[in-house]
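Not measured: the values here are computed from a predicted model. Reckoned from all heavy atoms, side chains included, excluding hydrogens, waters and symmetry mates. Index from 1, following the sequence.
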Amino acid sequence: IESPELSDTVVNTQQSGSTVQENTPVANDAPAPGDGVIALDKNASNQSDQLISRFLADESNDELVKKRHAAAAAKVEADKKVVRISARQKKINKLLASARTAIKEEKILLPEEASAIALYNQVLEISPSNKRALRGLDLCGNLIFEKAKDLYFKDRPDLALQQINFALSKLPGHSKLESLKNTINASFNPNSSYAKAEKLYLGVDEVQDSSRAAFYYRKAAEGGHPQ
């Protein structure tokens with residue numbers, strides 16, 4: 001015969017155990033998706049490295065593209081400059097060749113548009129410090145000087161002076177031409193050293209005297225008269 005007290009104790013214990021079991025929550029391994037819950041990856045650090053690597057790669061690629069575009073633009077400008085310089089140099093070379101031909105043909109002053117002086121001046125309009133053009137103009141002045149001096153010694157000072165003045169309008173400041181011009185102008189002065197030397201040498205207006213004539217010729221030479 002069971003004791004009523006014992007029987008009640010067992011029942012309460014079972015009921016109590018059942019209650020404990022019913023009230024104890026069941027643990028889950030991972031939270032359920034949804035409701036703002038993010039599933040975490042154990043390899044999160046690797047993903048971060050990959051994201052950073054991708055970002056840096058994109059940045060580098062952008063910089064590379066920019067550099068390539070800049071280089072391409074610079075090359076286009078350089079090519080244009082080369083074309084411009086090439087065309088400019090071709091024009092200069094053509095003018096220099098024409099001027100050289102004009103000198104060979106003794107077209108120093110005339111015809112005006114195709115003379116050596118005109119052609120060399122065209123070169124200087126393009127390239128103001130062109131050595132070949134400057135040297136060519138100096139030569140032109142020297143050639144005109146020799147011709148004018150020859151006219152002067154042939155007793156044609158008026159023609160010599162006319163040629164010199166025309167040349168100086170194209171070659172202002174040419175030292176030899178300026179000197180010869182001053183000499184010819186002085187020779188028109190009857191009291192100049194050269195004029196006295198000529199009169200003494202030729203015996204014009206006074207007795208011929210070669211010794212005195214030589215003296216005045218030397219004086220004229222010291223004053224810049226061409227010999």
message: I'd like to know if E178 pairs up with K181 as an ion pair, taking the criterion as any Lys NZ or Arg NE/NH1/NH2 lying under 4.0 Å from an Asp or Glu carboxylate oxygen.
response: no
query: Taking all non-hydrogen atoms of both residues, which atom of A116 and which atom of I103 are closest, and how far apart?
result: CB-CG1, 3.6 Å
Note, K149 side chain near K176 side chain (heavy atom, < 4.5 Å): no
Nearest heavy atoms of G173 and L168, plus distance in Å: N-CD2, 4.3 Å
query: Looking at I164 and A148, what are the two nearest heavy atoms and their distance?
result: CG1-CB, 3.6 Å
task: For the pair T183 (side chain) and S179 (backbone), establish whether a donor and an acceptor sit closer than 3.5 Å, ignoring hydrogens and angles.
output: yes
- prompt: Rounded to the nearest 0.5 Å, what separation is found between the CG atom of D158 and the OH atom of Y152?
  reply: 11.5 Å
- request: Of all the heavy-atom pairs spanning A114 and A102, show the shortest one and how long it is.
  value: O-CB, 4.0 Å
field: L143 vs E106 side-chain heavy atoms within contact, under 4.5 Å
entry: no
message: Return the CG to CG distance between L124 and L119, rounded to the nearest 0.5 Å.
response: 11.5 Å
statement: d(I117 CD1, I144 CD1) to nearest 0.5 Å is 4.0 Å
- request: Could you tell me the separation between the CG atom of N142 and the CG atom of L137, rounded to the nearest 0.5 Å?
  value: 11.0 Å
- request: Taking side-chain contact (heavy atoms from CB on, under 4.5 Å) as the test, write out the residues that go with L159, two or more places apart.
  value: L151, R156, Q162
- line: Nearest heavy-atom contact between I108 and C140 is CG2-CB, 3.8 Å
- prompt: Which pairs, with at least one residue in residues 90-101 and sequence neighbours excluded, count as a side-chain hydrogen bond (donor to acceptor under 3.5 Å, both in side chains)?
  reply: Q89-N93
query: In this structure, are over 12 heavy atoms from other groups packed under 6.0 Å from E105 atom CD?
result: yes
query: Which side-chain hydrogen bond (donor to acceptor under 3.5 Å, both in side chains) pairs, counting each pair once, include a residue from residues 114-128, with sequence neighbours left out?
result: none
- line: In this structure, NE2 of H174 is separated from CG of L180 (nearest 0.5 Å) by 11.0 Å
- prompt: How about E146: does its CD atom have over 12 heavy atoms from other parts shown lying under 6.0 Å from it?
  reply: yes
message: To the closest 0.5 Å, what do you measure between CG (L177) and CG (N182)?
response: 11.0 Å
